[in-house]
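Counting starts at 1 for both ligands and their atoms, following the listed order. All values below come from the heavy atoms of this structure, side chains included, with hydrogens, waters and symmetry mates left out. Nothing fancy with the numbering, it's 1 onward along the sequence.
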Amino acid sequence: MKNTSKRVNVARLQEGLQTRWVGRNVFFSREIGSTNEWAKELAGLGACEGTVVLAEIQSAGRGRLGREWFSPVGGLWFSVILRPQLKPAESVRLVFAAGLAVAEALHEQYGLRVETKWPNDVLVNGRKICGVLTEMNSVGEKANFVVVGIGVNVNFDVSKVFPKELQRTTSSLEKECGRQVSLDELLRVLLVKLEKIYESSTLGDFSSVLLEWKKYARFLGSQAEVSTDDGKLCGVALDVDEEGALLLKQESGLVKHVFFGDISTKKQ
Ligand code: BTN
């Protein structure tokens, strides 16, 4: 049997894939700048909904807020092309849909203590293991396509491959499971979850998706600090609303709706 710990075997992935339309087309590269960039190009050329773009290594992987995303061999770095019938502002739903898909997959498949962190992180045992980057292209008042990029730290040791400043806050599946896991199997489970949750999110049941996402959101109810473009905000993280905003209750009693930022909590 071939080693599936470092590379996805696309033929085997598709053989056992129990989706209706996600992952029916897969583009794979040993090394690419960013799967999101590649997916956007393909989407612009008309690639069909559900196309998956996958790389073994990203040389210019991107995170939120223009950050770099380290993407060494052994991780799962992929993007999915979606064409939702949503208004541009509603496409934020897909961030939560993708986060929930990852959280459920990691919890159900590996029995891990998973949590979601606003807006787009998935943590295991308090450390970041996955990030989601969604990018939208719209025509007038309609989303033309959305690329959902998902990066999961899988079969490597962050203390060996990540820069020092990230090592304290990140982890990998290998570390948390105490063994290497099959990238084929993980991707299959993720794509099945994503298809199902995406359909609920876009076909009118986003409230249930958000409710499920919140079940993993351990930061809710905690004292939090949020870094925004306008500086730091402090308060209690009360809730996340259907527009994706974090509701932060400040000391004055005022509840602020925060749309962009990085949250850190004082107690976990
Ligand atoms: C974040 O947490 O800041 C989001 C990270 C998203 C990383 C993934 S890896 C696959 C896709 N391609 C990219 O360049 N970024 C996303």
request  = Taking only heavy atoms of Thr35 into account, list the atoms of ligand 1 that are under 4.0 Å away from them.
outcome  = 10 (C), 11 (C), 12 (N)
message = I'd like to know whether ligand 1 has Glu37 as a neighbour, heavy-atom separation below 4.0 Å.
response = no
key: Sub-3.5 Å N/O-N/O distance, Arg64 and ligand 1   = yes
note = Under 4.0 Å between heavy atoms, the region of Arg67 that gets near ligand 1 turns out to be neither
query = Numbering the atoms of ligand 1 from 1, which are under 4.0 Å from a heavy atom of Asp121?
reply = 2 (O)
key: Expected output: side-chain Ser71 to main-chain Trp69 donor-acceptor under 3.5 Å   = yes
request  = Verify whether the ring centers belonging to Trp21 and Tyr198 lie closer than 6.0 Å.
outcome  = yes
message = Could you tell me if Asn155 and Gln180 have a donor-acceptor pair between their side chains, going purely by distance under 3.5 Å?
response = no
request  = Pick one of side chain, backbone, both or neither for how Asn120 approaches ligand 1, counting any non-hydrogen atom pair under 4.0 Å.
outcome  = side chain
task = Would you please say whether a donor-acceptor pair under 3.5 Å links the side chains of Glu242 and Ser207?
result = yes
inquiry  = Same cluster or not: Leu194 versus Val26, using hydrophobic residues (I, L, V, M, F, W, Y) connected whenever any side-chain heavy atoms lie under 4.5 Å apart?
reply    = yes
Contact (N/O only, under 3.5 Å) between Arg62 and ligand 1 = yes
request  = Using distance alone, decide if ligand 1 has a nitrogen or oxygen within less than 3.5 Å of any nitrogen or oxygen in Ser79.
outcome  = no
ask   = Does the side chain of Asn144 come under 3.5 Å of the side chain of Asn137 through a donor N or O and an acceptor N or O?
value = yes
task = Give a yes or no answer on whether the side chain of Arg218 reaches the backbone of Glu115 with a donor-acceptor pair at less than 3.5 Å.
result = no
query = Out of curiosity, does Leu133 fall in the hydrophobic cluster containing Leu191 (side-chain heavy atoms, cut-off under 4.5 Å, transitive links)?
reply = no
Closest protein heavy atom to atom 12 (N) of ligand 1, given as residue, atom name and distance to 0.1 Å = Gln58 OE1, 2.9 Å
Shortest protein contact, atom 5 (C) of ligand 1 (heavy atom only) = Trp69 CE3, 3.3 Å
key: Phe78 neighbourhood, listing ligand 1 atoms whose heavy-atom distance to it stays under 4.0 Å   = 10 (C)
query = Is there a donor-acceptor pair under 3.5 Å between the side chain of Ser79 and the backbone N or O of Asn36?
reply = yes
query = Taking Trp118 for the side chain and Gly244 for the main chain, is one N or O donor matched with an acceptor at less than 3.5 Å?
reply = yes
For Val132, atoms of ligand 1 separated by under 4.0 Å from a heavy atom = 4 (C)
Atoms in ligand 1 with a heavy atom of Gly61 nearer than 4.0 Å = 14 (O)
inquiry  = Closer than 4.0 Å to some heavy atom of Gly63 - which atoms of ligand 1 meet that?
reply    = 1 (C), 3 (O), 4 (C), 5 (C)
task = Mark up the atoms of ligand 1 that fall under 4.0 Å of a heavy atom belonging to Leu133, in ascending order.
result = 6 (C)
ask   = Which ligand 1 atoms does Lys128 reach within 4.0 Å, using its non-hydrogen atoms?
value = 1 (C), 2 (O)
